[in-house]
Amino acid sequence: MTTFKTAALPDGRKEIDGNIYMRDGKGGLQPIENIAARDLLQDETTRKIIGHAIPLSDQVARFKEHTFDDIGAFEAILAQEYGATFGGKKGNKTLMTVDQLYKVEVRIADQINFGPELQIAKQLVDECLNEWSAESRPEIRSIVTRAFNTDKAGQINRAEIFMLLRLEITDARWQEAMRAIKDAIRVVGSKTYVRCSKRDSHDAPWQAITIDLAKA
């Protein structure tokens, strides 16, 4: 049976004058005998899971730190011994074992926002669609709708915006709208991702070594 490190979470109980209480969601104290058994079981289960999650999260954070330390040390050796730098465009790089069955990829992705030019682009695109009316293809209307509709967090759908830029439409206003979209793009930072992969043989597909809980 697999064992996990567990963080020592408080049990949430408080003794006052010989009576046991637990705080509710508003911070008030409730006698434990007034709390439903299912809620106590839910509390216990939640604390048990979080007790495992905290040290696991800390371990992943340490893994990430060690990974970049190891890659940095490797690059320093290359620079010192060979006067060479390691990595591709924007610092992307791939490290691989000699047998090419294991690899570590480092990818740097730009984080972008859109400036006020995007609203100008939307107005121009709307003008095009209104004039084209029935002549415009339904799939183009669908892409436009998805592109300029914000998601639940109020964020523009970036993937659909970039899909608009790939459409080959020669209308002058459409071209002007695409220029406005390009002008609206603001690179506000970058984020570094590490992806580890393995395969059983040289002709086998790569399999991700999953660290993301959502994909495990």
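Positions are given from 1, in the same order as the sequence printed here.
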Please report the shortest heavy-atom distance between Arg23 and Gly27, naming the atom on each side.
NH1-O, 2.6 Å

I'd like to know whether CD of Gln59 has more than 12 heavy-atom contacts from other residues, nucleotides or ligands below 6.0 angstrom.
no

Please report the shortest heavy-atom distance between Ile161 and Leu118, naming the atom on each side.
CD1-CD1, 4.1 Å

Would you say that more than 12 heavy atoms from the other residues, nucleotides or ligands in this model lie under 6.0 Å from the CD of Gln42, or not?
no

Dump the intermediate steps for side-chain contact (heavy atoms from CB on, under 4.5 Å) on Asp69 and Glu65, then the final yes or no.
CA-CA 6 Å; Asp69 286 346; Glu65 182 178 353; 4.0 Å; yes

Run Lys26 and Asp24 through salt bridge (charged side-chain N to carboxylate O under 4.0 Å, His left out) and show every step you take.
CA-CA 5 Å; Lys26 296 181 180 179; Asp24 58 23; over 6 Å; no

Closest contact, heavy atoms only, Val194 versus Phe68:
CG2-CZ, 3.5 Å

Looking only at atom types and distance, does a side-chain atom of Gln175 sit under 3.5 Å from a main-chain N or O of Ile169, one as donor and one as acceptor?
yes

Residues passing the side-chain hydrogen bond (donor to acceptor under 3.5 Å, both in side chains) test with Gln123, sequence neighbours excluded, are none

Heavy-atom pair of closest approach, residues Ala204 and Arg199:
O-CD, 3.4 Å

Would you compute the distance between atom CD1 of Ile32 and atom CG of Asp39 and round it to the nearest 0.5 angstrom?
11.5 Å

NZ (Lys182) and CG (Leu165) are apart, to the nearest 0.5 Å, by 6.0 Å

Does the Thr45 side chain pair with the main chain of Leu41, one donor and one acceptor, at a distance under 3.5 Å?
yes

From Thr6 atom OG1 to Lys48 atom NZ, the distance as rounded to the nearest 0.5 Å:
8.5 Å

Distance col, row Ser57:OG vs Ile50:CD1, nearest 0.5 angstrom, shows 10.0 Å

If you look at every heavy atom in Ala180 and Ala121, which pair is closest and at what distance?
CB-CB, 3.9 Å

Show the nearest heavy-atom pair for residues Val125 and Met178, with the distance to one decimal.
CG2-CE, 4.1 Å

Test side-chain contact (heavy atoms from CB on, under 4.5 Å) on Ile108 and Tyr193; report intermediate values, then the result.
CA-CA 6 Å; Ile108 301 176; Tyr193 300 87; over 6 Å; no

Pick one: which of Leu40, Asn34, Asp11 meets side-chain contact (heavy atoms from CB on, under 4.5 Å) with Met22?
Leu40

When you check the gap from the basic side-chain N to the acidic O, do Arg186 and Glu117 get nearer than 4.0 Å?
yes

Run the side chain to side chain donor-acceptor pair (under 3.5 Å) check on Arg107 and Thr94 step by step: do they pass?
CA-CA 9 Å; Arg107 295 292 177 263; Thr94 300; 3.2 Å; yes

Tell me if the OH atom of Tyr102 is crowded by more than 12 foreign heavy atoms within 6.0 Å.
no

Measuring from atom CD1 of Ile20 to atom CG of Leu29, what distance do you get when rounded to the nearest 0.5 angstrom?
11.5 Å

Check this for me: does any side-chain nitrogen of one of Glu44 and Arg47 sit under 4.0 Å from a carboxylate oxygen of the other?
no

Can you name the side chain to side chain contact (heavy atoms under 4.5 Å, CB included) partners of Ile209, sequence neighbours left out?
Cys196, Lys198

Got a second to check how far Lys64's NZ is from Thr192's OG1, nearest 0.5 Å?
7.0 Å

I'd like to know whether Arg179 forms a salt bridge (charged side-chain N to carboxylate O under 4.0 Å, His left out) with Glu176, so could you lay out the CA-CA distance, the side-chain angles of the two residues, the decisive distance to 0.1 Å, and finally the verdict.
CA-CA 5 Å; Arg179 187 172 72 85; Glu176 189 68 11; 2.5 Å; yes

